[in-house]
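For this chain, numbers begin at 1 and follow the sequence in order.
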Amino acid sequence: PGYYGDGLNAIIVFAACFLPDSSRTDYNYVMENLFLYVISTLELMVAEDYMIVYLNGATPRRRMPGLGWMKKCYEMIDRRLRKNLKSFIIVHPSWFIRTILAVTRPFISSKFSSKIQYVSTLAELREMIPMEYVHIPESIVK
């Protein structure tokens, strides 16, 4: 994670290429515990506004989280965390991600939908946020 603004605003970076492979026999268990870890970390880190940067590049389809998992995550996030999220930036969005978000838009609050932004390149991301505090894995840079 990094911070921007007055130092209290967190930038949370998720690199999907490091998520577990969906062919694992314990995939649901691993993803559920990963989610609980992420939520507890967010609750400790986020004092003020924050943004999430989701790095989709270099991610095979089998490592992308499923729609059901994402919906469950959103529903379990505390109201304060949902309210303090200022933007959800998806870098290198695939056709699959764009399609899922388009299909689910009617079921997601309009407030949350308005926070989703697509970014096609790391250069474009640099124009939006201070990158000195954001670590981009080498596999995504390539």
In Å, rounded to the nearest 0.5 Å, how long is the span from CG of L34 to CZ of F14? 7.5 Å
Treat each ILVMFWY residue as a node, draw an edge where side-chain heavy atoms are under 4.5 Å apart, and state whether I116 and L81 are in one component. yes
Side-chain heavy atoms under 4.5 angstrom apart, residues restricted to Ile, Leu, Val, Met, Phe, Trp, Tyr: same cluster for L36 and I52? yes
Nearest heavy-atom contact between P20 and M31 is CG-SD, 3.6 Å
Check the orientation of Y54 and F88. Use parallel for under 30°, tilted for 30 to 60°, and perpendicular for over 60°. parallel
Any N9 side-chain heavy atom under 4.5 Å of Y50 side chain: no
Please table the atom pairs, donor to acceptor, closer than 3.5 Å between any side-chain atom in residues 57-68 and protein atoms at least two apart or in another chain.
residue	atom	partner	partner atom	Å
T59	OG1	C17	N	3.1
T59	OG1	N56	O	2.9
T59	OG1	G57	O	3.2
R62	NE	D21	OD2	2.4
R63	NH1	L19	O	2.7

Any M128 side-chain heavy atom under 4.5 Å of Q117 side chain: yes
Can you tell me how far the NE2 atom of H92 sits from the OH atom of Y118, to the nearest 0.5 Å? 15.0 Å
Apply ring-ring contact (aromatic ring centres under 6.0 Å, His included) to Y27 and list each qualifying residue two or more places apart in sequence or on a separate chain. none
I'd like to check I12 versus V53 (side-chain heavy atoms, cut-off strictly below 4.5 Å). Are they in contact? no
What is the distance from atom OG of S87 to atom CG of D49, rounded to the nearest 0.5 Å? 9.5 Å
Other residues, nucleotides and ligands only: do more than 12 of their heavy atoms fall within 6.0 Å of OH on Y29? no
In short, D78 meets E43 closest at the heavy-atom pair CB-OE2, 4.2 Å
Is there side-chain contact between L125 and I89, with at least one heavy-atom pair below 4.5 Å? yes
Is there a path from V134 to V141 through hydrophobic residues (I, L, V, M, F, W, Y) whose side chains come within less than 4.5 Å of each other? yes
Rounded at 0.5 Å granularity, tell me how far CD1 in I11 sits from CD1 in I129. 4.5 Å
Hey, is CZ on R80 packed in by over 12 heavy atoms from elsewhere, all under 6.0 Å? yes
With rounding to the nearest 0.5 angstrom, report the NE2 to CE distance, H135 to M131. 10.5 Å
Side chain to side chain donor-acceptor pair (under 3.5 Å) filter on E124, not counting sequence neighbours, yields none
Quick one: does K86's side chain have a donor or acceptor within less than 3.5 Å of a partner on K115's backbone? no
Is I90 linked to F112 within one hydrophobic cluster, defined over Ile, Leu, Val, Met, Phe, Trp and Tyr using a side-chain heavy-atom separation of less than 4.5 Å? yes
When rounded to the nearest 0.5 angstrom, what distance separates CG in L55 from CD1 in I140? 4.5 Å
L122 side chain reached by I136 side chain, heavy atoms, under 4.5 Å: yes
